[in-house]
Amino acid sequence: MQTPPRRSRLDRAEVERLRTERRDSLLVLLGRADRGTLTRPEAALLRAHVEAEIAAGDRARRSAGGQQAAARRAQRRLDAAEAAIVEAEQRAEEAEAALARHAAHIPQAA
């Protein structure tokens with residue numbers, strides 16, 4: 001599976017600029033809705049902005065869920081690696097002890 005290319009810094013800045021414009025517009029439109037002066041075209045724009053924010057929120061939640069899953073996988077690999085290190089250290093200690101026992105039975109050369 002091929003991952004999509006990362007957005008460039010310029011793309012991210014543009015996305016952020018558009019998001020800020022959309023949110024500023026939302027505040028104006030909501031104010032007009034509160035006062036009962038929202039026109040039909042403004043109502044349609046309000047709906048489009050809200051749908052865009054919902055979609056952005058959904059994408060962020062999916063991304064966060066994927067990141068959490070990756071962190072859990074990394075933690076499992078780390079736990080397994082630490083267990084392997086402990087096991088290797090125990091085996092090394094056992095091998096050193098066995099070598100010392102065997103060395104005690106070998107006559108020393110003078």
Can you tell if the side chain of Glu42 reaches within under 4.5 Å of the side chain of Thr39, non-hydrogen atoms only? yes
Determine, for Glu53 against Arg19, whether the closest basic-nitrogen to carboxylate-oxygen distance falls under 4.0 angstrom. no
Mind checking whether Val50 and Leu27 sit in one hydrophobic cluster, side chains of I, L, V, M, F, W, Y counted as touching below 4.5 Å? no
Just wondering, do Pro41 and Leu45 contact through their side chains at under 4.5 Å, heavy atoms? no
Between Arg32 and Val28, is there a donor-acceptor pair closer than 3.5 Å when you use the side chain of the first and the backbone of the second? no
Are any of the side-chain nitrogens in Arg76 or Asp79 under 4.0 Å away from the carboxylate oxygens of its partner? no
Gap separating the NE2 atom of His49 from the CG atom of Asp24, nearest 0.5 angstrom: 9.5 Å
Separation between CG of Leu18 and CZ of Arg23, rounded to the nearest 0.5 Å: 12.5 Å
Whether the side chain of Ser25 engages the backbone of Glu21 through a donor-acceptor N/O pair (distance < 3.5 Å, no angle test) should be reported. no
Do the charged groups of Arg47 and Glu51 touch, with an N to O distance under 4.0 Å? yes
Restricting to non-hydrogen atoms, name the atom on Leu29 and the atom on Leu38 that form the minimum distance, rounded to 0.1 Å. O-CD1, 3.7 Å
Hey, what do you get for CG (Leu99) to NE2 (His102), rounding to the nearest 0.5 Å? 8.0 Å
Between Glu94 and Arg91, is a salt bridge (Lys or Arg N to Asp or Glu O under 4.0 Å) present by the stated rule, with each step listed? CA-CA 5 Å; Glu94 291 168 1; Arg91 286 183 177 196; over 6 Å; no
